[in-house]
Amino acid sequence: MSDFPTKSALRRDARARRDGFVAGLDPRAAALAFSTPPGPLRALIDAANTVAAYLPIASEADPAALVAFTAERGRQVALPFVESRAVPLRFLAWAPGAPLVDGPFGLRQPDYATAKEVAPDLILAPLVAFDRRLHRVGQGGGHYDRAFARYPDAIRVGVAWNIQEVPFVPDEPWDIALDAVLTEREWIARDRGTA
């Protein structure tokens, strides 16, 4: 597949596209983009005990409305806790509005000293780019790849702007595909039993 860009080139180009797209969005439209979860995602949230989400950095798609929906349904919300690139991320219990602390890479995260570590049933993951095979390119630290491997039974849903879709994401044997991607335009899913 040498005709396709490397992950680093894809990451650079996709970030630039995403930044330009978000800069041109009406703030009201951006706030409403993920306000109504589609039926399949509502069902996944309802079936989960713990839903891991994230707080966006820069132009990442903001799952705040999905987090609010999760909390309203009485499900435990968790956020990632990142110590460093070398240490796998953990998911810590969090409630919307609860205090957060500064973490590495510009992250806001629960305080590891006071928040309980939890195992998610559903992971809403940020990404830089994705393809129709539901392979993703992340920030490049491998945090989510390791989290997916640590929680193999958790359903993996990427949250992204439609502009982040690319024709092909190069993947390695150890990469774990998503189960679905939610964009502001569509729900893209695969049968969990297929690659």
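Here, residue 1 is the first one in the sequence, and each next residue gets the next number.
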Verdict with supporting geometry, Leu41 and Phe69, side chain to side chain contact (heavy atoms under 4.5 Å, CB included): CA-CA 11 Å; Leu41 182 55; Phe69 179 86; over 6 Å; no

Arg18 (side chain) donor-acceptor with Gln164 (main chain) under 3.5 angstrom: no

Salt bridge (Lys or Arg N to Asp or Glu O under 4.0 Å) involving Asp175 - partner list, sequence neighbours excluded: Lys7

Asp62 to Ala64 - nearest heavy-atom pair and separation: OD1-N, 2.9 Å

Validation row: Arg15, Gln139 side chains within 4.5 angstrom (heavy atoms): yes

Any donor-acceptor N/O pair, Arg90 side chain to Glu83 backbone, under 3.5 Å: no

Cluster check Ile176, Phe91: I/L/V/M/F/W/Y, side chain < 4.5 angstrom: yes

Path from Leu32 to Val159 over hydrophobic side-chain contacts below 4.5 Å: no

Residues, nucleotides or ligands: over 12 heavy atoms within 6.0 Å of Arg185 CZ: no

Any side-chain heavy-atom pair of Phe168 and Arg133 under 4.5 Å: yes

Linked, directly or transitively: Ile57 and Val22 (ILVMFWY side chains, under 4.5 Å): yes

Residue pairs, two or more places apart or on separate chains, that pass side chain to side chain donor-acceptor pair (under 3.5 Å) and touch residues 115-129: Glu117-Arg150

Steps toward side chain to side chain contact (heavy atoms under 4.5 Å, CB included) verdict (Leu89, Arg146): CA-CA 8 Å; Leu89 70 78; Arg146 288 179 282 174; over 6 Å; no

Close side-chain approach of Phe130 and Glu165, heavy atoms under 4.5 Å: yes

Distance (rounded to the nearest 0.5 Å) between Ser35 OG and Glu184 CD: 12.0 Å

Shortest non-hydrogen contact from Pro170 toward Thr6: CG-C, 4.4 Å

Non-hydrogen atoms of Arg136 and Val169 that approach each other most closely: O-CG1, 3.8 Å

Check: Asp179 side chain, Arg156 main-chain N or O, donor-acceptor pair, under 3.5 Å: yes

Chi angles and distances behind the side chain to side chain contact (heavy atoms under 4.5 Å, CB included) call for Gln76, Asn49: CA-CA 6 Å; Gln76 174 66 66; Asn49 291 314; over 6 Å; no

Co-membership, hydrophobic cluster, residues Leu55 and Val128, 4.5 Å side-chain: no

Minimum side-chain heavy-atom gap Leu100-Trp94 below 4.5 Å: yes

In one Ile/Leu/Val/Met/Phe/Trp/Tyr side-chain cluster, 4.5 Å: Trp187, Val51: yes

Val166 and Arg17: CA distance, side-chain angles, deciding distance, side chain to side chain contact (heavy atoms under 4.5 Å, CB included) verdict: CA-CA 11 Å; Val166 296; Arg17 269 196 329 278; 3.3 Å; yes

Pairwise side-chain contact, Leu178 with Leu127, heavy-atom cut-off 4.5 Å (strictly under): yes

Interatomic distance, Thr50 atom OG1 to Ile123 atom CD1 [nearest 0.5 angstrom]: 11.0 Å

Heavy-atom side-chain contact between Glu186 and Asn162 under 4.5 Å: no

Closest non-hydrogen atom pair, Pro126 against Glu60: CB-OE2, 3.7 Å

Nearest heavy-atom neighbours spanning Pro167 and Asp131: O-CB, 3.9 Å

Contact check, side chains of Asp111 and Pro99, non-hydrogen atoms, under 4.5 Å: no

Qualifying ring-ring contact (aromatic ring centres under 6.0 Å, His included) pairs with a residue from residues 16-56, counting only residues at least two apart or across chains: Phe21-Trp161, Phe34-Trp161

Side chain proximity check, Pro80 to Leu107, heavy atoms < 4.5 angstrom: no

side-chain contact (heavy atoms from CB on, under 4.5 Å) partner of Leu66, the single match among Val77, Leu124, Val157: Leu124

Exercise: identify the closest heavy-atom pair between Pro110 and Ala115: CB-CB, 3.9 Å

Main-chain N/O of Ile45 paired with Arg75 side-chain donor or acceptor, under 3.5 Å: yes

